[in-house]
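What you see is a predicted model, and the numbers here were worked out from it, not measured in a lab.
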Amino acid sequence: MDTINDNFNCPDDIEEFFDLAFMDGKGNALAADMYRPKMQDGSLLPVIIFSHGGGLFVGTKRMNRLFCEIISRMGFVVYSLDYRLIDKSDGLEEISDICAAFRFIKENLHEHGGDPEKIFVCGESRASCQAGILQ
């Protein structure tokens, strides 16, 4: 049970889609959460791809849920990514996980109302390094 998220209600003006599944190149199951404003006029929205921090030791895509909702309220489609932590990888495989997430997002962006010409990548802590490497 995830007490923080189980007791948290989504704002009425935001749509949340949890655990959008995708696979990395080696067949490892990964997931992303996606947030977007409910009220859309049909125009494409800019996209934020966000990776959580935690120094590769801790963290999940959902630990920054409130941040993702706030950014979504500002008119963005927001993806929050999970990647393998150090106990499940060699310390560099998270980069391939993030690349797999990018491919998944690119393939599904049209369904989510995201603008492929306006994609921004960000992260906190260790994930900011990932974002810098991948830009």
Exercise. Taking the side chain as C-beta and beyond, is there a heavy-atom pair between Phe102 and Asp97 under 4.5 Å?
Worked result: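 No; the side chains remain at least 4.5 Å from each other.
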Exercise. Could you walk me through whether Arg65 and Glu16 pass the side-chain contact (heavy atoms from CB on, under 4.5 Å) check?
Worked result: CA-CA 10 Å; Arg65 182 176 174 189; Glu16 297 177 304; 2.8 Å; yes
Approximate separation, where rounding is to 0.5 Å, of [X] [atom1] and [Y] [atom2]:
X     : Y      : atom1 : atom2 : answer
Asp19 : Leu30  : CG    : CG    : 11.5 Å
Asp82 : Asp33  : CG    : CG    : 7.5 Å
Met34 : Glu111 : CE    : CD    : 9.0 Å
Ile71 : Phe76  : CD1   : CZ    : 7.0 Å
Glu15 : Lys38  : CD    : NZ    : 6.5 Å
Ile48 : Ser80  : CD1   : OG    : 11.5 Å

Exercise. Can you name the closest pair of heavy atoms from Asn108 and Phe104 and give their distance?
Worked result: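 Shortest heavy-atom contact: ND2-O, 2.7 Å.
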Seminar exercise, completed: Of all heavy-atom pairs linking Leu81 and Ala32, the shortest is CD2-CB, 3.8 Å
For this session: Tell me whether Leu44 is reachable from Met74 by hopping between hydrophobic residues (I, L, V, M, F, W, Y) whose side-chain heavy atoms are closer than 4.5 Å.
Result: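 Shared cluster, no.
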Exercise. Are Ile98 and Ile119 connected in the hydrophobic side-chain network, where two residues link if heavy atoms are under 4.5 Å apart?
Worked result: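 Yes.
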Problem set entry | Aromatic ring proximity, centroids under 6.0 angstrom, Phe17 and Tyr35 |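 So the answer is no for these two rings.
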Problem set entry | Residue among Pro37, Pro46, Cys68 satisfying side chain to side chain contact (heavy atoms under 4.5 Å, CB included) with Val78 | Cys68
For this session: Keeping to residues at least two apart or across chains, list the side chain to side chain donor-acceptor pair (under 3.5 Å) pairs with something in residues 113-122.
Result: none
For this session: I would like to know whether Arg36 and Ile14 meet side-chain contact (heavy atoms from CB on, under 4.5 Å); could you show each step before the answer?
Result: CA-CA 6 Å; Arg36 69 179 179 200; Ile14 300 296; over 6 Å; no
